[in-house]
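Structure first, then comments.
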Number of protein chains: 2
Amino acid sequence: MGVSVVILALDGTNRADARPTLRIPLVRRIRQPFLGDWALPGSRLRQGISLEAAASDALLSTTGLDARYLEQLYTFGDPGRSSSGLPMVSIAYWALIDADEAQGVHEARNVQWFPLNALPSIAFDHRRIIDYALDRIRTKIGYTDIAARLVGETFTLSQLRRVYEAILDRTLDPPNFRRSILASGMIKPTGEVLARGRHRPAALYRYAAPGAPLSSPSKRHDGRRHDERHA
Amino acid sequence: MGVSVVILALDGTNRADARPTLRIPLVRRIRQPFLGDWALPGSRLRQGISLEAAASDALLSTTGLDARYLEQLYTFGDPGRSSSGLPMVSIAYWALIDADEAQGVHEARNVQWFPLNALPSIAFDHRRIIDYALDRIRTKIGYTDIAARLVGETFTLSQLRRVYEAILDRTLDPPNFRRSILASGMIKPTGEVLARGRHRPAALYRYAAPGAPLSSPSKRHDGRRHDERHA
DNA sequence: TCAAAAGTGTTACGTGTACACCCATGG
DNA sequence: CCATGGGTGTACACGTAACACTTTTGA
């Protein structure tokens, strides 16, 4: 009866010139089953602690950081094993953190970081959970402002684009990215610019309403009126 | 530590002339908290029973039926209340059944059926769970063959369309529905027709591969070749 | 012959994507 | 003056929705 957390760490959001990368911390199993394999960080449930708080605990003790985003994924039950007459239940969360926050990266005991394209032998069915988490964030970044948690107060469009590119693991067309993100209404220009090299300075933006609105329902409705005159 | 189930019952799939309706069974609370309100059917977790089996149990004892479709939704934890030193955890599932299977509708103790547009006062946060389940099925019917579980072995396109309309709660354009469902490759014609009134008989279809494939990657690719002459 | 559902064809429009091109800057 | 990323314009493929139209039946 506990929680497991897929911790997706975006590394390199401070260095504004290159694409950040996604990495993930895993814990080496020190007992059977799956001894020696790598498992998701987790924590036991305790009285008075919410599920989400338990996930945050696991995150904090593994990385020393707080989540920029935390969301429940799925619950796994194993009817066989038990320690209390009940099935063994594990609730999986996924979290997004900004790895640049950590300086001395808090290399906890038995914890090691892996890039997503070079994962080791994974214990239990945790590999499926990781893939599920990746699906989720990649879908969700398309229609939410998760990325807001990973950029600074203000940012250029290429900084933001590189965050998207890291999460989606592919390059995005800068002109098209600009248009689609601006059309979503999620961000608005600050009016200031940022000079960062021997080229034209980039306009700075900020998220319109941090954590919420994407586009108002009325706006969305307007966007769908392409008939009415046919009547 | 138990499961709750949002049971979505499609009623009227046999009567081929009218649109079926979605209804939902709820259980009246006979103790505090929320005494007198209506809650989702549920069941306790027991040793040796999987989460999904527990959900099936709740479904069977409430409706007397087996699920045509069953899927986990979300897990809720309440850090306060407890009976075992652990937080109280409830795993929500949603199920789809064919209400027409039940003749003497098994009116179990304290169970009552409600149409979705006239729900009573709901206990706990079960209202949110119901809405979440509705979102899920409406999204999922767009890219899976859930509907296959709700029509007979063979069916006409208008029978299938009415199932979609009931779940989506809106009318669909028959010509467009025909094209999109056929293009998906999920169903194929049987070659037979069904005469059902003073109008042209409808062709009968069946699901291509019950429960699985939507459309093979190669097939889907073929289906998208309607250009090439522009080159 | 007529109402009604089955089924076909066509058009308008939005969206995603590729890519040509101009702009502004620092070296 | 030129390489570089910032930023604009545009064209096309494709999917979706609206709707006019033809077909086939039973009454």
Side-chain angles (χ1 to χ4, degrees), chain A residues 15-19 138-139 141-143 154-162 164-165 168 170-185 187-205 215 219-231, chain B residues 15-19 141-143 154-162 164-165 168 170-185 187-205 214-215 220-231:
Chain A
R15 295 179 292 289
D17 50 337
R19 182 199 290 187
R138 283 173 181 156
T139 304
I141 203 178
Y143 63 92
T154 65
F155 47 87
T156 68
L157 285 177
S158 38
Q159 285 169 343
L160 185 62
R161 177 169 47 82
R162 277 188 246 275
Y164 274 73
E165 289 178 338
L168 297 174
R170 63 190 177 96
T171 60
L172 298 173
D173 183 72
N176 294 334
F177 178 77
R178 154 188 304 276
R179 268 185 295 259
S180 69
I181 200 81
L182 288 176
S184 78
I187 68 173
K188 59 181 187 198
T190 66
E192 300 180 334
V193 295
L194 175 64
R196 258 190 13 198
R198 45 183 284 206
H199 55 75
R200 177 173 174 176
L204 283 168
Y205 294 82
S215 76
K219 235 180 180 176
R220 172 167 251 169
H221 187 265
D222 285 342
R224 283 180 179 172
R225 278 193 211 144
H226 26 75
D227 30 302
E228 236 107 81
R229 51 197 132 65
H230 283 288
Chain B
R15 295 179 291 290
D17 50 336
R19 180 200 289 187
I141 203 178
Y143 63 92
T154 64
F155 48 87
T156 67
L157 284 177
S158 38
Q159 285 169 343
L160 186 62
R161 178 170 46 82
R162 277 188 246 276
Y164 274 73
E165 289 179 337
L168 296 174
R170 64 190 176 95
T171 61
L172 298 173
D173 183 72
N176 293 335
F177 178 77
R178 154 187 303 277
R179 269 184 295 259
S180 70
I181 201 80
L182 287 177
S184 78
I187 68 173
K188 59 180 186 197
T190 66
E192 301 181 333
V193 295
L194 175 65
R196 257 190 13 199
R198 43 182 284 205
H199 56 76
R200 177 173 175 175
L204 283 169
Y205 294 83
L214 295 102
S215 78
R220 170 168 252 167
H221 188 265
D222 285 342
R224 282 180 179 171
R225 279 194 211 145
H226 22 73
D227 33 301
E228 236 107 78
R229 52 195 135 69
H230 284 288

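Every chain is numbered from 1 and lettered A, B, ... according to where its sequence line falls, protein lines coming before strand lines.
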In whole angstroms, the gap separating C1' of D/dG7 from CZ of A/Arg161 amounts to 12 Å
Spacing of A/Thr171 atom OG1 and A/Tyr164 atom OH [to the nearest 0.5 Å]
16.0 Å
Without decimals, in angstroms, what is the distance between B/Arg196 CZ and D/dT24 P?
18 Å
Rounded distance (Å) that lies between atom C1' of D/dG6 and atom CZ of A/Arg178
6 Å
What is the distance from atom CD1 of A/Ile187 to atom CG of A/Leu157, rounded to the nearest 0.5 Å?
5.0 Å
Rounded off to whole Å, could you give me the CD-to-P distance for the B/Gln159 and C/dA5 pair?
14 Å
Sorted by chain and number, sequence neighbours left out, side-chain contact (heavy atoms from CB on, under 4.5 Å) with A/Ser180 holds for none
Using a 4.0 Å heavy-atom cut-off, does B/Ser158 contact any base of the nucleic acid, only the sugar-phosphate backbone, or nothing at all?
sugar-phosphate
Rounded distance (Å) that lies between atom P of C/dC19 and atom CG of A/Asn176:
11 Å
Not counting sequence neighbours, which residues clear side-chain hydrogen bond (donor to acceptor under 3.5 Å, both in side chains) with A/Arg179? List them please.
A/Asn176
What is the separation between atom CG on B/Leu172 and atom C1' on D/dC19, rounded to the nearest whole Å?
16 Å
Value rounded to 0.5 Å, distance of CD in B/Gln159 from OG1 in B/Thr154:
8.0 Å
What does nucleotides 21-27 of chain C look like as a protein-contact string, B for base, S for sugar-phosphate only, - for none, at under 4.0 angstrom between heavy atoms?
--BBBB-
Return the set of residues passing ring pair (Phe, Tyr, Trp, His ring centres under 6.0 Å) with B/Tyr205 (not counting sequence neighbours), or none when no residue passes.
none
For A/Arg161, check salt bridge (Lys or Arg N to Asp or Glu O under 4.0 Å) against everything at least two apart and list the hits.
A/Glu165
Residue closer to the 5' end of DNA chain D, B/Pro175 versus A/Ala203 (nearest nucleotide)
A/Ala203
Nearest whole angstrom, please: distance from the C1' of D/dA17 to the CZ of B/Arg170.
10 Å
C/dT8 phosphate, OP1 or OP2, under 4.0 Å from B/Arg179 side-chain N/O:
no
Rounded to whole Å, how long is the line connecting atom CZ of B/Phe177 with atom P of C/dA5?
17 Å
